Amino acid sequence: MTSAGEGYVASKVLIIDVSDFENRKQEIAHQLHAAAKDVGFFYIKGHGIPQADIEAAFQAGQRFYDLPEEAKKNFRWIPDRYLGWRSQSDLQSVTGNKLWEWASFGRYGTGGYDVHKQEFLGSRWPQELGESFKNTSLKFQAQTHEVAVKLLRALALSLGRDEDEFAKPFDIASEENPSFMAWNWYPPVNEEAAQGPPRLHAHADMDIITLLHQRTGDCGLEIAPGKDVDENPDLHEIGNIWNAVPTAKHWTPIDPIEGCITVNIGDGLQWWTDGLFKSTYHRVRAPKGTDNKGSRMSMPYFVNPKLNYTFQGPEKKYPPLSGFDLLAKTGNAYEARRNDPQGKWKQQAYGNGVKAGQAPTLQEAEAIDTAVPIPSH
Ligand SMILES: O=C(O)CCC(=O)C(=O)O
Ligand SMILES: [Fe+2]
């Protein structure tokens, strides 16, 4: 066991070459296994997404964030869909400060709390940004998804499990696909900010895995072991991202590396592997010293299983968990629970008159959109 402290994991954060995947998948699986088990965070290179496409996706995000406040407001956040813009004021209720904005575009992750109403209509886009914005975002999401599926296949192989076990419930073309991409934007900060709170508070991701595109030069991401990892006695878990935050004395930087995607294991995969793979706490600290104090952007792709897919580890250490239950731990359902203390939200999710696979019409979907309550902060 390693002692806690600065550098605890730094030397172990691997850069794993995933190129020539079909021929090298056993070797890749071996390396991913070590990274997922020991640290829960790693970099991949040779992923095949051209740098120009990554830059185009960052530029698309920047075009959105450059819109006037009024225009961004039109693309309002729908809590149970994971799509839309969350302003700094909105997020203040989550983080306690105004240092972070969020937007997710593209697929409708969920059709409200209704597993039968998931759809990809593609009808809600920031209209001001035109077709190129939409095409760039969708293409990029699909490219990233393809890489995610390879990682999931290799991770399953590494455990001696069926190669498709983890990849099966993640079909991006499915109407039930709840994986989604977000664009995090952190406003510029002044000199004093170095002493201030993190730009994004410590949390673990409540998905299966996250592929995080970091922008070169945008440092600040840090990790600390947590979640069943007892090597760091300084870490106190006092809740999840939505109501309290873990604290740790020592954090290890995970700075961007050109050509690499940062990957981390989420709570769901930790669950699905009986705790073997680690969902690690991370945060974005405020810039200090000579760090870039301008705006910061990152693009996480959160990989979530279909909502009605139930998974459990082979040792049955934890009870079966559905994709819905996993997502229900996150912010959208938190809002719903808060708005609906009687728990009708879960009932609504599973019981309804719409047949499986029957997507609502455009008008019905728009009606669902407007019927979803917007949380008041
Ligand atoms: O901005 C970053 O680098 C990290 C973002 C993150 O952890 C998240 O969106 O879950
Ligand atoms: Fe995260």
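What's counted below: heavy atoms across the whole structure, side chains too, no hydrogens, waters or symmetry copies. In each ligand, atom 1 is the first atom listed, and ligand 1 is the first ligand listed. Keep in mind that this is a model prediction, so the values were computed, not measured.
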Under 4.0 Å from a heavy atom of [X]: which atoms of ligand 1 are those, numbered in the order shown and with their elements?
X: P300; result: 9 (O)
X: V284; result: 1 (O), 2 (C), 3 (O), 4 (C)
X: F302; result: 8 (C), 9 (O), 10 (O)
X: N184; result: 1 (O), 5 (C), 8 (C), 9 (O)
X: Y186; result: 1 (O), 2 (C), 4 (C), 5 (C)

Sidechain N-carboxylate O distance under 4.0 Å for [X], [Y]:
X: E192; Y: K293; value: no
X: K168; Y: E165; value: no
X: D291; Y: R285; value: yes

Query raised in the report: Is a side-chain N or O of D205 found less than 3.5 angstrom from the main chain of D207, in a donor-acceptor match?
Result: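 The answer is no, because no donor-acceptor pair under 3.5 Å joins these two groups.
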
Query raised in the report: Looking only at atom types and distance, does a side-chain atom of H282 sit under 3.5 Å from a main-chain N or O of H203, one as donor and one as acceptor?
Result: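 Checking the backbone N and O of H203 against the side chain of H282, a donor-acceptor pair under 3.5 Å is found.
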
Requested in this report: State if M297 counts as touching ligand 1 under the rule of any non-hydrogen atom under 4.0 Å.
Outcome: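 In this structure, M297 fails to qualify as a contact of ligand 1 - no heavy atom is under 4.0 Å.
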
Of all heavy-atom pairs between [X] and [Y], which one has the smallest distance, and what is that distance?
X: R215; Y: F58; value: N-CZ, 3.5 Å
X: Q270; Y: Y318; value: O-CE1, 4.0 Å
X: W272; Y: I208; value: CE3-CD1, 3.9 Å

Report task. Heavy-atom distances under 4.0 Å are what count here, so tell me which part of D218 touches ligand 1: side chain, backbone, both or neither. Result ->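 No part of D218 comes within reach of ligand 1.
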
Query raised in the report: Does D205 approach ligand 1 within less than 4.0 angstrom via side chain, backbone, both or neither, non-hydrogen atoms only?
Result: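 Side chain only; the backbone of D205 stays clear of ligand 1.
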
Query raised in the report: Within the structure, does H282 bring an N/O atom to less than 3.5 angstrom of an N/O atom in ligand 1?
Result: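 Yes - when backbone and side-chain N and O of H282 are compared with those of ligand 1, one distance drops under 3.5 Å.
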
Query raised in the report: What about Q214: any of its N or O atoms under 3.5 Å from an N or O on ligand 1?
Result: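 Min N/O separation from ligand 1 is not below 3.5 Å for Q214.
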
Report task. State yes or no: are the ring centers of W183 and F64 separated by less than 6.0 Å? Result ->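 No.
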
**Report entry** Considering only N, O or S atoms of H203, the one closest to the Fe ion (ligand 2)
**Finding:**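 This turns out to be NE2.
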
Requested in this report: Output the atom name for the N/O/S atom of D205 with the smallest distance to the Fe ion (ligand 2).
Outcome: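 This turns out to be OD1.
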
Query raised in the report: Which protein heavy atom lies closest to atom 6 (C) of ligand 1, and at what distance to 0.1 Å?
Result: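 Going by distance alone, atom 6 (C) of ligand 1 is nearest to L200 CD2, 3.6 Å.
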
**Report entry** Protein heavy atom at shortest distance from atom 10 (O) of ligand 1
**Finding:**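 For this ligand atom, the closest protein heavy atom is H203 NE2, 3.1 Å.
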
